[in-house]
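Here is the structure we will look at, set down as structure tokens.
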Amino acid sequence: GLQAYCRGYLARRYHGALLHGSNAILVIQRNARAYMKLRSWAWWKLFTKVKPLLKVARGDEELRLLREELERWKEKAEKEEALRIAAEAARDALQEENRRLHEQEQQDSQALAEVEEIRVRLATKKADLERELEELEEQLLQLALAEVEEIRVRLATKKADLERELEELEEQLLQL
């Protein structure tokens with residue numbers, strides 16, 4: 001069952017590790033034999049003496065590449081610095097424009113308040129003048145009515161006088 005399966009699995013893993021170890025031993029032995037053959041070979045001696053010099057040449061090349069990369073980074077940094085300065089100048093210009101617009105808004109608000117105050121005073125004065133005009137029209141109407149009444153009374157009085165005079169004249173005419 002399960003125990004047999006687990007023991008088989010562990011045995012296969014152990015066997016695999018042994019095979020891997022034996023393959024590693026074979027590779028090491030093969031490389032050691034190859035080194036033993038090569039170490040007395042003249043070209044190998046030359047190669048082992050020249051190889052460190054190749055690293056120096058490669059180091060010079062790496063140094064040149066690093067310097068080029070450093071120059072690229074410096075150029076990039078200068079460009080970014082120029083962009084930063086330009087952005088700061090633009091920001092300062094926008095802040096100045098914002099300040100100027102804010103001042104203009106305050107001036108416009110003050111002017112609007114003054115105009116509103118003048119409008120209110122004019123509206124009040126207009127209302128006062130209209131009220132005064134209505135009062136004067138009322139007085140004029142009352143004066144006109146009083147004058148008409150006075151003229152009517154005078155005319156009534158004159159009519160009464162004329163009617164009396166007419167009666168007197170009729171009486172005199174009848175007496176004659």
Side-chain angles (χ1 to χ4, degrees), residues 1-140:
L2 179 62
Q3 186 177 5
Y5 177 75
C6 291
R7 288 182 76 200
Y9 174 75
L10 290 174
R12 282 189 294 278
R13 280 190 66 190
Y14 179 71
H15 182 64
L18 285 178
L19 283 177
H20 184 50
S22 66
N23 283 341
I25 290 172
L26 290 175
V27 168
I28 290 172
Q29 288 174 348
R30 186 177 56 226
N31 286 343
R33 279 192 295 272
Y35 175 72
M36 296 306 278
K37 286 180 189 175
L38 284 176
R39 93 176 160 165
S40 61
W41 192 34
W43 284 104
W44 180 255
K45 290 178 182 177
L46 178 64
F47 177 72
T48 56
K49 289 182 182 181
V50 171
K51 188 173 180 184
L53 297 176
L54 293 175
K55 287 184 182 177
V56 170
R58 196 175 318 137
D60 290 342
E61 179 65 20
E62 288 178 8
L63 184 61
R64 184 187 61 80
L65 291 174
L66 287 174
R67 285 185 180 153
E68 288 177 1
E69 186 175 353
L70 177 65
E71 287 299 318
R72 284 194 304 270
W73 281 106
K74 282 183 181 178
E75 289 174 5
K76 186 177 180 181
E78 289 172 0
K79 287 178 185 176
E80 288 180 1
E81 180 68 17
L83 287 173
R84 184 187 61 80
I85 290 171
E88 286 178 356
R91 183 199 64 209
D92 292 343
L94 288 173
Q95 286 177 342
E96 178 63 26
E97 179 70 14
N98 187 17
R99 185 193 58 75
R100 188 186 61 75
L101 288 173
H102 186 67
E103 287 176 1
Q104 181 68 35
E105 178 189 15
Q106 287 178 341
Q107 290 173 355
D108 290 347
S109 296
Q110 289 173 352
L112 181 63
E114 290 173 4
V115 167
E116 183 65 21
E117 182 181 326
I118 291 170
R119 187 193 63 76
V120 167
R121 282 193 311 223
L122 287 176
T124 305
K125 188 166 186 158
K126 178 183 175 189
D128 291 344
L129 289 175
E130 285 176 351
R131 197 170 36 255
E132 189 177 331
L133 177 64
E134 288 175 5
E135 290 172 2
L136 289 175
E137 285 176 347
E138 182 66 31
Q139 287 176 1
L140 179 63

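If you're wondering where the values come from, they're calculated on a predicted model, not measured in any experiment.
Listed by first then second residue, pairs satisfying side chain to side chain donor-acceptor pair (under 3.5 Å) with a partner in residues 88-103 read Arg84-Glu88, Glu96-Arg99, Glu97-Arg100, Arg99-Glu103, His102-Gln106, not counting sequence neighbours.
Residues that satisfy the salt bridge (Lys or Arg N to Asp or Glu O under 4.0 Å) test with Glu114, not counting sequence neighbours, are absent from this structure. Listed by chain and number, the residues in a salt bridge (Lys or Arg N to Asp or Glu O under 4.0 Å) with Glu116 are Arg119 (sequence neighbours excluded).
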Distance-only criterion, 3.5 Å: show the donor-acceptor pairs between side-chain atoms of residues 123-132 and protein atoms not counting sequence neighbours.
{"residue": "Thr124", "atom": "OG1", "partner": "Val120", "partner atom": "O", "Å": "2.8"}
{"residue": "Asp128", "atom": "OD1", "partner": "Arg131", "partner atom": "NH2", "Å": "2.3"}

Considering only distance and modelled atom types, tabulate donor-acceptor pairs under 3.5 Å from the side chains of residues 63-76, sequence neighbours left out.
{"residue": "Arg64", "atom": "NE", "partner": "Glu61", "partner atom": "OE1", "Å": "3.4"}
{"residue": "Arg64", "atom": "NH1", "partner": "Glu68", "partner atom": "OE2", "Å": "2.4"}
{"residue": "Arg64", "atom": "NH2", "partner": "Glu61", "partner atom": "OE1", "Å": "3.4"}
{"residue": "Arg64", "atom": "NH2", "partner": "Glu61", "partner atom": "OE2", "Å": "2.2"}
{"residue": "Glu69", "atom": "OE2", "partner": "Trp73", "partner atom": "NE1", "Å": "3.3"}

Can you give me every donor-acceptor pair (side chain of residues 14-42, partner residue at least two apart or in another chain, under 3.5 Å) with its distance?
{"residue": "Ser22", "atom": "OG", "partner": "Leu18", "partner atom": "O", "Å": "3.3"}
{"residue": "Ser22", "atom": "OG", "partner": "Leu19", "partner atom": "O", "Å": "2.8"}

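Classified by interplanar angle (parallel below 30°, tilted 30° to 60°, perpendicular above 60°), the ring pair Tyr5/Tyr9 is parallel.
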